[in-house]
Amino acid sequence: MLDQIKQDFGSRYTESYFERQFYTRDLAYIPNFLVSLVAKPLPDMVVRPVNAEEVSRIITFASENNIAVTPRAGGSTAVGSCVPTKGGIVVDLNGLQGVISFYPDDEKVRVLPATTWVELDSYLRQKGYCVCSYPSSINVATVGGWLSGRGYGMGSIRFGSLVEQVISLEVVLPSGVIKRLTRETDPPLQWFAGSEGTLGIITEVELKVRPIPETMGHYLVVGENSQAVLQAARECVGELSGIIHNMHFNSRLLNHALKRKGLTEDKLGDYHSLAIDLEGSPVSLARAKEFLRWVVDKYGLALMDPEVALEEWEIRFQSLRIMRVYPCLLGSELLIPVNSFHNYLQQVEALGRRAGVEMLTYGHIVSRDLTIVMTLYCSDERQTWRYLCDTSLMMEIYRVGRRLGGVPYLTGFWNTPYVKDIYSRKKLRELKRRKTLLDPGGIMNPGKVYGPPLLLQPNLYVLGMKTLGLLRRILPKGVQNHAQQ
Amino acid sequence: MRSSKTVFHGLVEEARICATCGSCRSVCPVYAEIGWESAAPRGKITLAKKIFVEGKENFLSEQYVKRVFQCTLCGSCAEVCPARIDTRELWQEMRQAITDRGKAPTVFNQIAKNIHNNKNISANTNDGRLDWADDLDDPECIEPSETNEVGYFVGCVASFYPMVSEIPLSFVNIMDINNVKVTVLGTEEWCCGFPLLAAGRNDEALSLVEHNVLKIGQLGIKTLVTTCPSCYHTFSHHYPKVIGKPLDFEVVHATQYLSYLIEQGKLDWSEYEELDEVVTYHDPCDLGRNSGIYDAPRNTLKNIPGVTFVEMEHNRENALCCGGGGNLQAVDPELTAAIAESRIEEALKTGATTLVSACQQCVQVLTEAARRKKARIQVMDINQLLWMGWE
Ligand SMILES: Cc1cc2nc3c(=O)[nH]c(=O)nc-3n(C[C@H](O)[C@H](O)[C@H](O)COP(=O)(O)OP(=O)(O)OC[C@H]3O[C@@H](n4cnc5c(N)ncnc54)[C@H](O)[C@@H]3O)c2cc1C
Ligand code: SF4
Ligand code: SF4
């Protein structure tokens, strides 16, 4: 059967080492020797199907031969979600791209799963419509990839996480069966949201879209006191949630670091900032502006010039420009309650001061209650031991977050030690039940989501990280951070 | 200038800065055709980290070199890079680093040899630089005179390849009929150096740059017009860096010059025979994304009597590449052909009768792609279209 697959896929099948090596990582850089202790990230083969039938053929083959299957689309996560842990087959889904049909009257669209958000949105905009929400990795993230994660991003305050906009899915189940799912089917489509490719492969998504909003308004609130800025944020989400498109917080340390390299407005460098992007009718925006002025006064904050606010909006997808300040960054991404954000920031920055690193934090407020928070700090991948020791701080950041009700944003492979924190006991039991039901052979994206491998069991993991933390204190400093610059 | 604020601080630093986020992957025309991650800009930088940052030279395999040179230098990757890496510069420096190690594709040796011997990319001596001008109504109109305010840098392809000689002919005819004097350098025009820069042979381009700057200065040219976007980009971006100071003359692309003449009311439309064409415009990468010139060609087209202008789905900074840039055609002609065919498909969707570009290389590869696909669309340069009404 493998011969048949090779023949059918022709140049879309490879066993070449040269080609396979590119599928052994995502954004996260982890030294090879360490990865090889816990996983086998090099796939044995990579295939690039172009339709659901082809996906089904591969999965059927894998299922019959008990071979691991790792779905991969944009490859833009950083927790190893799309990297194999047991070799096997990487199914590169990027051949399943494009809009299948658009129904303007019903305000919905059917797309292939590897369509990027930018392609879908540009397509719709030429017709007077747009997507409801999208991740800030819009240029690379795919519809299927984002749905397979938590699906929070810009537009989520108004429209919720992506699954709330999904009407139906076509999926290839681990048995190879192609099935259309709705909220009412068995299984329902919701099972696939956040499943990180562990239940099957999504081959089509039908989702709600909307007319392009009449107007947009961009505001940038700044202040020296993070508590005041974040309280203002909460008040705005409460009052304006129906017209907020995006709400993004940058800590003063982050703005200052960006300023040092001329990567942000000079004026911003001394403040915490909150970008608020509104959408709606001119009347609702005018009212919102009055409200914003009132909030800004109430908390002793200031509104930046409109040009600066507009510039921040225009560069909203360029969070990675921070790499120009520190070319090697480590960090943790958490989902934390909005009302814990201020405490988190204080504690994580205090952790940074103790550890002698500058903790750079930004956050997307994605609902009345939740913020996706990213905290980054500098390391140096060229000094392997230094780098490894620095990873110990990722756990420390996470512990700060956990004390305040936070959990890792995605699980993937590298966050499996935290799985019991991410899900309640009951929820985890339910997730495992679904997995066993749909994928009894455990071929779909093994090693992800449900639990860690032996060496990443929480006790061992914590011990390992603590040891690295201790080593970090005694190792020569290497490239230093610039907390005081 | 590029619409995004890209920066370049050398191959090693920028390769480290790359977060391997993959935003560049989705817009790369080469990746779109080949489909393997190794062909995506992200993939190429992933190995560059190993080779040029970590010094693991064993990763510099033949397959990798092939991938690095399978690139049109279209700059789409730079346009979307959230870390603001000027990837176009990065590819050129990477090519240079590979050339320095003696591992560049041998096909470039012939191009470099031609340029070295003939001062142009063809196999012909530079004496034939002005052969195309024999077909002008008045071949002498481009000879140097007392005042040579405006110079026309024809470029190697337009000078030596008859398939596209209509471009300089049209441009000069338009100038002539509107009484605008332009002067050419004739046999003193040497290759601008772009093919060498793109091949990773920066050092070899130095003498060409120095020669051209000297000759342009000697003629007293104040404004240098090019019909080739790559010549334009090389003059405006690389020449000042190479000679270490701003140029003494202004460099403009023909579309900018035409747009300026139109705005100044210097084109005489009284004898112009109205066209009847639905036209779509293909932004050449070196003119659009890499130089930021989007409006001048559009202004020109919209002012041509009888032209109905329609945009393709991907236009301006998002325009798809034609596949002909970055010496790709020399390295992998099939890949160029495949990319060009995708662009033709998009042009056909607009319902246009004519696909116009502002670059002899785009015109050449798109014409061939249209022919292969038996597409009912004519491909031409903007100068050819404009000249049609006066012809
Ligand atoms: C600069 C930057 C900004 C980001 N911003 C956000 C943000 O705002 N919100 C956010 O949630 N994330 C964000 N991310 C993380 C990431 O980009 C997103 O989670 C993205 O949606 C992942 O999509 P992808 O196509 O890259 O998927 P991949 O990384 O290829 O895969 C992700 C997971 O989905 C699975 N998968 C992919 N496609 C399918 C399919 N068709 N069927 C089944 N399983 C599939 C994979 O197996 C894997 O488990 C950001 C990343 C970067 C670099
Ligand atoms: S977009 Fe920029 S940072 Fe992202 S992978 Fe490409 S070059 Fe690297
Ligand atoms: S310059 Fe163009 S062809 Fe080259 S890697 Fe970038 S996007 Fe691809």
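Because only heavy atoms are used, hydrogens play no part in the values below, and waters and symmetry mates are left out as well, while side chains stay in. This is a predicted model, so every value here is computed, not measured. Naming convention: chains lettered A, B, ... in sequence-line order (proteins, then strands); numbering from 1 in each chain.
Salt-bridge check for B:Arg16 with A:Glu381: passed, with a basic side-chain N closer than 4.0 Å to an acidic carboxylate O.
At least one donor-acceptor pair under 3.5 Å links the side chain of A:Arg324 to the backbone N or O of B:Arg84. Between the B:Ser23 side chain and the A:Asn139 main chain, no donor and acceptor come within less than 3.5 Å of each other.
Heavy-atom distances place no part of A:Ser137 under 4.5 Å from chain B, backbone and side chain included. Only the side chain of A:Glu119 has a heavy atom closer than 4.5 Å to any heavy atom of chain B. With a threshold of 4.5 angstrom between heavy atoms, B:Tyr64 approaches chain A through its backbone and through its side chain. Looking at A:Val118, neither its backbone nor its side chain comes within 4.5 Å of chain B, counting heavy atoms on both sides. Of the two parts of B:Val27, neither the backbone nor the side chain holds a non-hydrogen atom closer than 4.5 Å to a non-hydrogen atom of chain A. Contact annotation for A:Thr14: both backbone and side-chain heavy atoms come within less than 4.5 Å of a heavy atom of chain B.
Minimum interatomic distance between B:Ala19 and A:Leu27 (heavy atoms only, all atoms of both residues): O-CG, 3.4 Å. Between B:Gln63 and A:Ser16 the shortest heavy-atom distance is NE2-OG, 4.2 Å. Of all heavy-atom pairs spanning A:Leu320 and B:Cys21, the tightest one is CD1-CB, 3.6 Å.
The residue among A:Arg48, A:Arg25, A:Glu314 with the most heavy atom pairs within less than 4.5 Å of chain B is A:Arg48. When the candidates A:Leu329, A:Ile322, A:Asn94 are compared by the number of heavy-atom contacts under 4.5 Å with chain B, A:Asn94 comes out ahead. Contacts with chain A were tallied for B:His9, B:Lys49, B:His314; B:His314 has the most, counting heavy-atom pairs under 4.5 Å. When A:Tyr29, A:Tyr23, A:Phe317, A:Tyr123 are compared by the number of non-hydrogen pairs under 4.5 Å with chain B, A:Tyr23 comes out ahead.
Annotation: side chain of B:Glu313 is in contact with side chain of A:Gln126 (closest heavy-atom distance under 4.5 Å).
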Evaluate side chain to side chain contact (heavy atoms under 4.5 Å, CB included) for A:Ile315 paired with B:Lys5, printing each intermediate quantity in order. CA-CA 10 Å; A:Ile315 60 170; B:Lys5 297 175 184 162; 5.9 Å; no

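A salt bridge (charged side-chain N to carboxylate O under 4.0 Å, His left out) check over residues 330-342 of chain B, counting only residues at least two apart or in different chains, returns the pairs B:Glu341-B:Arg372. Under the salt bridge (charged side-chain N to carboxylate O under 4.0 Å, His left out) criterion, the residue pairs touching residues 94-104 of chain B are B:Glu57-B:Arg101, with sequence neighbours excluded.
A search for side chain to side chain donor-acceptor pair (under 3.5 Å) contacts involving A:Asp26 returns nothing, not counting sequence neighbours.
For residues 34-47 of chain B, a heavy-atom distance under 4.5 Å to chain A picks out B:Ile34, B:Gly35, B:Trp36, B:Glu37, B:Ser38, B:Arg42, B:Gly43, B:Thr46, B:Leu47, given by residue number.
Annotation for A:Asn32: atom CG does not count as buried by contact number, only 12 or fewer foreign heavy atoms lying within 6.0 Å. The number of heavy-atom neighbours closer than 6.0 Å to NZ of B:Lys66, taken from other residues, nucleotides and ligands shown, is 12 or below.
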